[in-house]
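Reviewing the structure listed below.
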Amino acid sequence: MNILDELRQRFAVVLKEVAPGGEKYVELVLPSQDARFGDYQANVAMPLGKQLGRPPREIAIELIARLVQTDLQTICEPLTEQAIAGPGFINLKLRNAWLAEQLQHALSDPRLGVAPASPAKTYIVDYSAPNVAKPMHVGHIRSTVIGNALYRILKFLGHRVIGDNHIGDWGTQFGMIIYGFKHFRDEAAYVRQPVAELARLYRLVSRLVDYRATQTESPKLEARLHAARQAAETARAQTPAEPAAAKKAAKEQQRLETRIKEAQGELDSARAKIAAVDQDPALANLVSAHPEIAAEVLAETARLHAGDAENLRLWREFMPYCLEDIERIYRRLGVEFDETLGESFYHDRLAPTVNDLQARGLARESEGALCVFLPGQSTPMIVRKQDGAFLYATTDLATIAYRKERWNPDAILYVVDHRQGLHFEQLFAAARAWGHQNVELVHVSFGTVLGDDGRPFKTRAGDTVGLEGLLDEAVRRALAVVAANDRSEAPPTGAESGGRDSHSTAETVGIAALKYADLAQNRTSDYVFSYDKMLAMNGNTATYMQYAYARVRSIFAKGEVDVDALLAKNPTITVDEPAERALGLEILRFSEALQLTVADYRPNQLTTYLFELANRFSTFFEECPVLKAPTPALRTSRLCLCELTARTLRQGLELLGIDVLERM
RNA sequence: GCGCCUGUAGCUCAGCAGGAUAGAGCAGCGCUUUCCUAAAGCGCAGGUCGCAGGUUCGAAUCCUGCCAGGCGUACCA
């Protein structure tokens, strides 16, 4: 049951009677923003008045006259002209008895009264997609966490959902590992800990390649710095007299200054990188012993793609280790996939894909590359490079074709960061031109994770932050929080932390904090990463939500209430106290929150709802004694509200991929 | 140059199904504990919703222009 839908259904009938096409205004039946204007409000009379050329209030009166004939009366308190406010708002207040009835229904329903979607659709959620040859880093967290939440929510809503991890398992990174394995491997270490040894080889080769690249890049950086300095000098020499022009010149001056600073910074870090290798005799030796390493790595990659027996054998040998490595993180995060079809899976489909594009006249050669030119696109999408190699655009097109063939999805969601916006714009346009019109392709984009300096989140040394280290640190800090609570003077009551395993609690709290902080953010914007903020006991954090849940559960523990026995008696719920009513209404709005979340694929709509629910509970808990309720009937009713709150919190958090704790 | 995104309280951010007096957390000030978890709650203060136009009965929300920042922009993913 979805309250908003119920109300809109009633309004649709009446709106149609009042004006032709009037049912389109049902969208204007909305939750009230202010409790003084009722629980919901219909803002339909104003536009209708416009359409019909009649005063809005008069229309509101007519609408009410018709509505009182319908079964809206069973849901809302009797509608009178008193309900009309301002220019013609109709304020709706739900009947307490109806609310209580719906709450009782939710109590007996494992789905908490949330009706399954009808019709159910097929979604493919493409998320996480790390490069499996290298360790996962902070850049993977948002895709993984947001994607998994959307996956869980769509599934709960009754859709058929395929979670697909489109891993990078076929790129240059494997060329690096293969090269490293052939030249630098420590056999004993590989036998003992293959994952660690492969990771070491990847890092080593990538560092050597990087050294060469940086070396060739350095003169260019110097030139850029020089050019910027010169431009600044020239600009300084000629300051215009005219004020407006002078202002513009000053701004340009500033821009040049920042460019100089940037160029200087890049040059410094490049030099530092080179120096670090030069100063390490072992590394310096390797560098001079492998001068063509970059080209060699590409050659190894090419051999792998061409089906070279040895490289293919090595790739097959390495893959399980690489997968094991990312799997360990997924287990910690509680993330699962239905499919892990990476780039390698589509390898044999690339040439046919390109051939088909060419045969249909969609792709043509330009500057030696095979390109798809699309109207309205300033740059083409390249599907085959000059050297004959395919690109991720090619793979993505082949992937769409495969998914259509295998699952015939209604929608494919790509949970990928916003910097790839252009790629998806081109990909979707190309896919449609290729004939895949009847599938909704959505780039569920998200912003960058920033450090507290407002720059992309890096370690102090300027390296990318490993995902595992990030999890460890969150857990470490969570442990400090949990331990601090243990030291608090209050002796553990029914459900306080006494006796539980601090480390496993910290793991749950830490991981939850990390995930929730990401999900609570509007995904489109960048966000500033802060351990302190995500682990705060106050505010919209996982820690607060888990605490709220534990508090509710503690009531049952303290009162030694057997929930099953309570529910078996078919208890009656009442919501006559304002705090009870507010809590009950919030519980019943779970379905609306999910609806809103899915509408724009924004999990923060759900976190906002849960935070609101926790707050309503807090007020309720403050104002309405539960175990010490004045009458047994009221005690039972309030226990039911507690139970519903706990279940809604648990269900909501579970949909976000977050575990709850019975005790904190 | 062109394209996409962002600009809301001192800070970090919600709100962008167009609706009535713009919200939260933190930071600041004040209050509450013979009471089921004080890891709490309540109150006060704090805003030209980047700027200027436009559409509308009504704009933080939609449109246009400008300003500021970020990102992207033919063979990496």
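Chain letters run A, B, ... following the sequence lines, proteins first and then strands; every chain starts at 1. Here the structure is a predicted model, which is why all the values come from computation and not from measurement.
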With no hydrogens and no angle check, just 3.5 Å: does a side-chain donor-acceptor pair link Y544(A) and N615(A)?
yes
R54(A): salt bridge (charged side-chain N to carboxylate O under 4.0 Å, His left out) partners, not counting sequence neighbours:
E58(A), E62(A)
Answer yes or no as to whether rC36(B) has its base stacked against F621(A), where stacking requires a ring-centre separation under 5.5 angstrom and planes under 30 degrees apart.
yes
Heavy-atom donor-acceptor pair, N538(A) side-chain to rA24(B) base, under 3.5 Å
no
Short side-chain N/O contact to rU37(B) OP1/OP2 from S554(A), under 4.0 Å:
yes
Which nucleotide wins on minimum distance to the side chain of L596(A), given the candidates rG15(B), rA17(B), rU37(B)?
rA17(B)
Regarding the side chain of Y547(A), the nearest nucleotide among rU37(B), rU6(B), rC42(B) is rU37(B)
Answer yes if the side chains of Q426(A) and T379(A) hold a donor-acceptor pair under 3.5 Å, and no otherwise.
yes
Looking at the base of rU37(B), is there any donor atom on it, or on the side chain of R553(A), that sits under 3.5 Å from an acceptor on the other one?
no
If we count only N and O atoms by modelled type, under 3.5 Å, do the side chains of Q595(A) and N2(A) hold a donor and an acceptor together?
yes
Rounded off to whole Å, could you give me the CG-to-C1' distance for the N2(A) and rA17(B) pair?
13 Å
Whole-Å distance between rU37(B) P and K628(A) NZ?
9 Å
Phosphate OP1/OP2 of rU73(B) contacted by R419(A) side-chain N/O (<4.0 Å):
no
Under 4.0 Å from OP1 or OP2 of rC13(B): is there any side-chain N or O of N522(A) that close?
no
Does Y544(A) put a side-chain nitrogen or oxygen below 4.0 Å from OP1 or OP2 of rG41(B)?
yes
State whether Q51(A) places a side-chain N or O below 4.0 Å from either non-bridging phosphate oxygen (OP1 or OP2) of rU56(B).
no
With the threshold set at under 4.0 Å for non-hydrogen atoms, list the residues of residues 37-46 of chain A touching RNA chain B in residue-number order.
F37(A), Q41(A), N43(A), M46(A)
When the side chains of residues 528-538 of chain A are checked against the rest of the protein, which donor-acceptor pairs come out under 3.5 Å, sequence neighbours left out?
unit_1  : atom_1 : unit_2  : atom_2 : d
S530(A) : OG     : D532(A) : N      : 3.4
S530(A) : OG     : K533(A) : N      : 3.0

R455(A) has an atom CZ; how far is it from atom C1' of rC71(B), in whole Å?
11 Å
Rounded distance in Å between the P positions of rG7(B) and rC63(B)
14 Å
Side chain to side chain, L606(A) and F590(A), heavy atoms closer than 4.5 Å
yes
Taking the C1' atom in each of rU48(B) and rG30(B), what is the distance between them to the nearest angstrom?
29 Å
Expressed as a whole number of Å, how far does the C1' atom of rC26(B) sit from that of rC67(B)?
30 Å
Please tell me which of the listed nucleotides, rU37(B), rA20(B), rC42(B), lies nearest to the side chain of T619(A)?
rC42(B)
Comparing L627(A) and A85(A) on RNA chain B - which has the more 5′ nearest nucleotide:
A85(A)
Considering only atom C1', compute the distance from rU8(B) to rC51(B) and round it to an integer number of Å.
14 Å
CG on D518(A) to CZ on R523(A), rounded to 0.5 Å
12.0 Å
Do the charged groups of D34(A) and R36(A) touch, with an N to O distance under 4.0 Å?
yes
Side-chain donor/acceptor contact of T608(A) with base of rA24(B) under 3.5 Å
no
N/O donor to acceptor pairs below 3.5 angstrom from side-chain atoms of residues 629-639 of chain A, sequence neighbours left out:
unit_1  : atom_1 : unit_2  : atom_2 : d
T631(A) : OG1    : L634(A) : N      : 3.0
R635(A) : NE     : L627(A) : O      : 3.2
T636(A) : OG1    : P632(A) : O      : 3.0
S637(A) : OG     : T574(A) : N      : 2.9
S637(A) : OG     : T574(A) : O      : 3.2
R638(A) : NE     : E580(A) : OE2    : 2.7
R638(A) : NH1    : P625(A) : O      : 2.8
R638(A) : NH2    : E580(A) : OE2    : 3.3

Centroid distance below 5.5 Å plus an interplanar angle below 30 degrees: do F611(A) and rA24(B) meet both conditions?
no
For a quick check, tell me whether the side chain of E27(A) and the base of rA17(B) share a donor-acceptor pair closer than 3.5 Å.
no
Reading RNA chain B 5' to 3', how would its secondary structure be written in dot-bracket notation, given Watson-Crick and G-U pairs with both distances under 3.5 Å, brackets [ ] for crossing pairs and | for partners on other strands?
(((((((..((((.....[...)))).(((((.......))))).....(((((..]....))))))))))))....
Please determine if a side-chain N or O atom of N615(A) lies less than 4.0 Å away from the OP1 or OP2 oxygen of rG25(B).
no
Say we look at rG58(B) and rA40(B): how far apart would their C1' atoms be, to the nearest angstrom?
40 Å
Does R553(A) make a cation-pi contact with F556(A) (under 6.0 Å, within 45 degrees of the axis)?
yes
Assign N604(A) to base, sugar-phosphate, or nothing according to its heavy-atom contacts below 4.0 angstrom with the strands shown.
sugar-phosphate
Side chains of Q51(A) and Y25(A): do they bring a donor and an acceptor to under 3.5 Å?
yes
Rounded to the nearest angstrom, tell me the gap between atom CD in E622(A) and atom C1' in rA38(B).
10 Å
Q546(A) has an atom CD; how far is it from atom P of rA40(B), in whole Å?
14 Å
So, does Q521(A) get its side chain near the phosphate of rA14(B), meaning an N or O under 4.0 Å from OP1 or OP2?
yes
Salt-bridge present (K93(A), D39(A); N to O < 4.0 Å):
no
Just the rounded figure in Å: distance from C1' of rA40(B) to CE of M537(A).
12 Å
For Q420(A) and for P87(A), find the nucleotide of RNA chain B with the closest heavy atom, then tell me which residue's nucleotide is more 5'.
P87(A)
Looking only at non-hydrogen atoms, find the nearest pair between N604(A) and A520(A) and report the distance.
CB-O, 3.3 Å
Below 4.0 angstrom, which residues in residues 140-147 of chain A have at least one non-hydrogen atom near RNA chain B?
none
Decide whether a cation-pi geometry holds between R589(A) and Y609(A); the criteria are a distance under 6.0 Å from NZ or CZ to the six-membered ring centre and an angle within 45° of the ring axis.
no
Does R602(A) place a side-chain N or O at less than 4.0 Å from the phosphate oxygens OP1/OP2 of rG15(B)?
yes
So, is S525(A) close to the rA14(B) phosphate, meaning a side-chain N or O under 4.0 Å from OP1 or OP2?
yes
Does N131(A) make a side-chain N or O approach to OP1 or OP2 of rA77(B) shorter than 4.0 Å?
no
Proximity of Y392(A) and H423(A) rings by center, below 6.0 Å
yes
Within this structure, what is the CG-to-P distance between D600(A) and rC16(B), rounded to whole angstrom?
9 Å
Among rC13(B), rG19(B), rG15(B), find the nucleotide with the atom closest to the side chain of P47(A).
rG19(B)
From CG of L48(A) over to P of rC57(B), roughly how many Å is that when rounded to an integer?
14 Å
When rounded to the nearest Å, what value does the distance between P atoms of rG18(B) and rA59(B) take?
14 Å
